[in-house]
**Q** 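Encoded as structure tokens, here's the structure I'll be asking about.
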Amino acid sequence: MPIFHSIRFRLTLWYVLFLAVILAGFSAGVYLALRTSLYGNLDDSLENRASVALDTIDYQDGSPTLETQQLVLDPNEGEHFTRVYDATGSLTFDDSPQADRPSVDQKTVEAALQGETTVRRVKVGDQNMRVRTLPVRRGGSVVGALEVGLSESDVSDTLRILLLIIAVAYPVTLGATSFGGVFLAGRALAPIDQITRIARRISAEDLSRRLDLRLPDDELGRLAHTFDDMIARLDEAFRRQRQFTADASHELRTPLTSIKGQVEVTLSRERSPQTYREVLGTVNEEVDRLIRLVGSLLTLARADAGQIPIAKERVDLAGLVASVVEQVRPLAEERGVALEVATAPSATLEADEDLLLQLLLNLLDNAIKYTEKGGQVTVGWASRDGSMELRVRDTGAGIPPEQVPRIFDRFYRVDKARSRAEGGTGLGLSICRWIAEAHGGSISVESTPGTGSTFTLRLPT
């Protein structure tokens, strides 16, 4: 994978860009703050120097002037100057150096003689100077002008050094940050690389592998745990699918093998019409069983794909139970099993009537088939904790405790030989569980070997 397409590179790039913007803003802020402070200090020094000069001015024939020895000199010769003008704008004092003497700006001098104070910048040789021009007053009248200048070289040198520091530190900081970002991003994303390598070795043929990464309970830790949980669910789903396919193949092969065997034996020599009728009757029973099996498989396949709509409506439970009981009563009478509806108050619930009818038919059909002659099957219902409980109780042989947890699995039979002989497909209870869960309910069984079983359907009202 190209490095430019990696999360590590993009994460580091965004981090460095973000830091570059922050550093640029910080550096600009520091530079502007220091520049403002330095020039403010320079203006204060200029104002203080002008005040000292005003206090030391002498007047000769009414014109202001200065004596050089009266002025407190700056130790840095050539970095300052002082000028005094009389009322006509003529120079009466000037201590600026002869070599690099600043030019006289008559406009600022005239403005000072009019009572205005101005601050300007002039170029003197290879340096800039800050110049303050202000009026000289005596007895309330303007009698001249004072011009004081200070070099900006210290300020410029300080700002130049700061810019040099920023110019060096900025790329060095970004470079160090880039390497640090790559290192930290690599450390942070290392578990993802490990997850990727392990995930590549997991396939549909072998879903038993797990990440089993000992990570802290952070985003990556939760991702790894979620991935393990997903693989476990997929493993279970694939296992059930393979088991379902194997069981379906076995269930379909059994009647087909039986049909083919009987047909081949019958066709091996001439038979009587009665024998042909018996064979065709047996074949017809096996075909009926195949039809039931394929129908059940189709129902479960459509249910798994979410293609069976649930059309809920208000269902009268007493009327529904009575209808189902009348449908299975001939089978109960044929097997010598008493079929009874327990007395219960009238009740209604929101459900798909056709699917609920199919569920009750499956439960009652199973109860009757697994109850010996002289036994009894009872149907009853009751409202409890905001839900409706519908019970189907039989007095059959019951279910061994170790087999109860698997009773609703597809193709699972407690007594395989007897179930197949009774025409069962092993899918009835699986369909019952799907119908219950599709309605937001549940189905369970309580059974004691030798005393019978009780199936309980719970549906919200």
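Numbers here simply count residues along the sequence, with the first being 1.
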**Q** Examine the side chains of Thr454 and Glu446 and answer whether a donor and an acceptor come within less than 3.5 Å of each other.
**A** no
**Q** Enter the distance from Leu150:CG to His80:NE2 here, rounded to the nearest 0.5 Å.
**A**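 Taking CG in Leu150 and NE2 in His80, the distance rounds to 8.0 Å.
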**Q** Report the distance from atom OG1 of Thr257 to atom NZ of Lys260, rounding to the nearest 0.5 Å.
**A** 9.5 Å
**Q** Short question: side chain of Ser268, backbone of Val265 - any donor-acceptor pair under 3.5 Å?
**A** yes
**Q** Check this for me, if you would: do Asp229 and Arg233 make a salt bridge, where the nitrogen-to-carboxylate-oxygen distance has to be below 4.0 angstrom?
**A**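 Looking at Asp229 and Arg233, the cut-off is not met.
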**Q** Take Asn48 and Val52 through the side-chain contact (heavy atoms from CB on, under 4.5 Å) test and state the conclusion after the steps.
**A** CA-CA 6 Å; Asn48 292 334; Val52 171; 5.6 Å; no
**Q** Strictly by modelled atom types, are Glu47 and Ser45 linked by a side-chain donor-acceptor pair under 3.5 Å?
**A** no
**Q** When you measure from the side chain of Ser323 to the backbone of Gly319, do you find a donor-acceptor pair of N or O atoms at a distance under 3.5 Å?
**A** no
**Q** Could I get the full list of salt bridge (charged side-chain N to carboxylate O under 4.0 Å, His left out) partners for Asp157, not counting sequence neighbours?
**A**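 Salt bridge (charged side-chain N to carboxylate O under 4.0 Å, His left out) check on Asp157 returns Arg160.
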**Q** Quick one: are Leu42 and Leu38 in side-chain contact, heavy atoms under 4.5 Å?
**A**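 A side-chain contact under 4.5 Å is absent here.
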**Q** Do the non-hydrogen side-chain atoms of Ile165 and Tyr170 ever get within less than 4.5 Å of each other?
**A** no
**Q** Keeping the roles fixed (side chain from Ser272, backbone from Thr275), state whether a donor-acceptor pair exists under 3.5 Å.
**A**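 Yes; at least one donor-acceptor contact below 3.5 Å.
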**Q** When you check the gap from the basic side-chain N to the acidic O, do Arg393 and Glu340 get nearer than 4.0 Å?
**A**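 No salt bridge links Arg393 with Glu340.
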**Q** Given side chains that start at C-beta, do those of Asp394 and Tyr370 come closer than 4.5 Å, heavy atoms only?
**A** no
**Q** Indicate the atoms forming the closest heavy-atom contact of Pro135 with Glu116, along with that distance.
**A**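 Smallest interatomic distance, heavy atoms only, reads CD-O, 3.5 Å.
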**Q** Determine, for Glu389 against Arg391, whether the closest basic-nitrogen to carboxylate-oxygen distance falls under 4.0 angstrom.
**A** yes
**Q** After noting the C-alpha distance and the side-chain angles of Arg35 and Thr158, does the key distance pass the side-chain hydrogen bond (donor to acceptor under 3.5 Å, both in side chains) rule?
**A** CA-CA 9 Å; Arg35 183 179 185 276; Thr158 302; over 6 Å; no
**Q** Is the number of heavy atoms from other residues, nucleotides or ligands under 6.0 Å of Tyr276 OH greater than 12?
**A**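 Counting other residues, nucleotides and ligands, OH of Tyr276 exceeds 12 neighbours.
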**Q** What is the distance from atom CZ of Phe455 to atom CG of Leu359, rounded to the nearest 0.5 Å?
**A** 10.5 Å
**Q** Could you tell me if the side chain of Leu390 sits less than 4.5 Å from the side chain of Leu459, heavy atoms only?
**A** no
**Q** For Glu270, check salt bridge (charged side-chain N to carboxylate O under 4.0 Å, His left out) against everything at least two apart and list the hits.
**A**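 For Glu270, no residue satisfies salt bridge (charged side-chain N to carboxylate O under 4.0 Å, His left out) once neighbours in sequence are set aside.
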**Q** Under the criterion salt bridge (Lys or Arg N to Asp or Glu O under 4.0 Å), I'd like the reasoning laid out for Arg121 against Glu152: C-alpha separation, chi angles, the key distance, then a yes or no.
**A** CA-CA 9 Å; Arg121 173 184 290 173; Glu152 294 182 356; 3.1 Å; yes
**Q** Kindly compute the distance separating CG (Asn41) from OG1 (Thr36), expressed to the nearest 0.5 Å.
**A**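 Answer for the CG-OG1 pair, Asn41 versus Thr36, is 11.0 Å.
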**Q** Are Ser153 and Ser156 close enough that a side-chain donor and a side-chain acceptor fall under 3.5 Å?
**A**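 No donor-acceptor contact under 3.5 Å links the two side chains.
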**Q** As a quick check of understanding, evaluate side-chain contact (heavy atoms from CB on, under 4.5 Å) for Ile166 and Leu23, giving each step before the final call.
**A** CA-CA 9 Å; Ile166 291 175; Leu23 285 178; over 6 Å; no
**Q** Would you say the side chain of Leu162 lies within less than 4.5 Å of the side chain of Val30, judging by non-hydrogen atoms?
**A**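 They are in contact (side-chain heavy atoms under 4.5 Å apart), so the answer is yes.
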**Q** On a heavy-atom basis, which atom in Leu339 and which in Ala332 lie closest, and how many Å separate them?
**A** CB-CB, 4.3 Å
**Q** Take Val337 and Lys373, measure what side-chain contact (heavy atoms from CB on, under 4.5 Å) needs, and give me the verdict at the end.
**A** CA-CA 6 Å; Val337 175; Lys373 183 176 181 180; 5.9 Å; no
**Q** How close do Glu353 and Leu320 get, heavy atom to heavy atom, and via which atoms?
**A**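 Heavy atoms only, the tightest pair is CG-CD1, 4.0 Å.
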**Q** State the OG1-CD distance between Thr348 and Glu313, to the nearest 0.5 angstrom.
**A**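 Result: 11.5 Å between the selected atoms.
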**Q** Under 3.5 Å, side chain of Trp381 to main-chain N/O of Ala347, donor-acceptor pair present?
**A**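 Answer holds: no.
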**Q** Go through the steps to decide whether Leu457 and Leu356 satisfy the test side-chain contact (heavy atoms from CB on, under 4.5 Å), and finish with yes or no.
**A** CA-CA 10 Å; Leu457 172 67; Leu356 195 57; 3.8 Å; yes
**Q** Give a yes or no on whether the backbone of Ser383 and the side-chain of Ser387 come within a donor-acceptor separation of less than 3.5 Å.
**A**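 It does not hold such a pair.
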**Q** Does a side-chain heavy-atom distance below 4.5 Å link Val328 with Ile368?
**A** yes
**Q** For Gln274 and Arg277, which I'm curious about, is there any donor-acceptor pair between the side chains at under 3.5 Å?
**A** yes
**Q** Under 3.5 Å, is there a donor-acceptor pair between the side chain of Thr395 and the main chain of Gln376?
**A**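 Side chain of Thr395 to backbone of Gln376: a pair is present.
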**Q** Pick one: which of Asp365, Val341, Leu364 meets side chain to side chain contact (heavy atoms under 4.5 Å, CB included) with Val324?
**A**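 Only one option passes, and that is Leu364.
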**Q** Using side-chain heavy atoms (C-beta onward) and a distance below 4.5 Å, is Val122 in contact with Arg120?
**A** yes
**Q** If you take all heavy atoms of Leu46 and Val148, which pair is closest and at what distance?
**A**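 Closest approach of Leu46 to Val148, heavy atoms only: CD1-O, 3.5 Å.
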**Q** Within a 6.0 Å radius of atom NZ on Lys123, are there more than 12 heavy atoms belonging to other residues, nucleotides or ligands?
**A** yes
**Q** Looking at Glu333 and Arg329, is there a salt bridge between them, counting it only when a charged N and a carboxylate O are closer than 4.0 Å?
**A**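 The answer is no: the pair does not qualify as a salt bridge.
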**Q** For a quick test of reading the model, state the closest non-hydrogen atom pair linking Ile435 to Leu355 and the distance between them.
**A** CD1-O, 3.3 Å
**Q** Indicate the atoms forming the closest heavy-atom contact of Ala311 with Asp352, along with that distance.
**A**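 Taking Ala311 first and Asp352 second, the nearest heavy atoms are N-OD2, 2.9 Å.
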**Q** From Ile407 CD1 over to Ser453 OG, what is the distance, rounded to the nearest 0.5 angstrom?
**A** 7.5 Å
**Q** Under 3.5 Å, is there a donor-acceptor pair between the side chain of Asn362 and the main chain of Leu429?
**A**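 Side chain of Asn362 to backbone of Leu429: no pair is present.
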**Q** Between Arg130 and Ser151, do the side chains contain an N or O donor and an N or O acceptor separated by less than 3.5 Å?
**A** no
**Q** Using atom types as modelled and distance alone, determine if a side-chain donor or acceptor of Ser447 lies under 3.5 Å from a backbone N or O of Ile399.
**A**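 Answer holds: yes.
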**Q** Within the distance-only criterion (no hydrogens, no angle test), does the side chain of His439 pair as donor or acceptor with the backbone N or O of Pro460 below 3.5 angstrom?
**A** no
**Q** Would you say Phe408 and Val445 make side-chain contact, with heavy atoms under 4.5 Å?
**A** yes
**Q** State plainly whether the residues Glu350 and Arg314 are in salt-bridge range, i.e. N to O under 4.0 Å.
**A**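 Judged by the 4.0 Å cut-off on N to carboxylate O distance, Glu350 and Arg314 do form a salt bridge.
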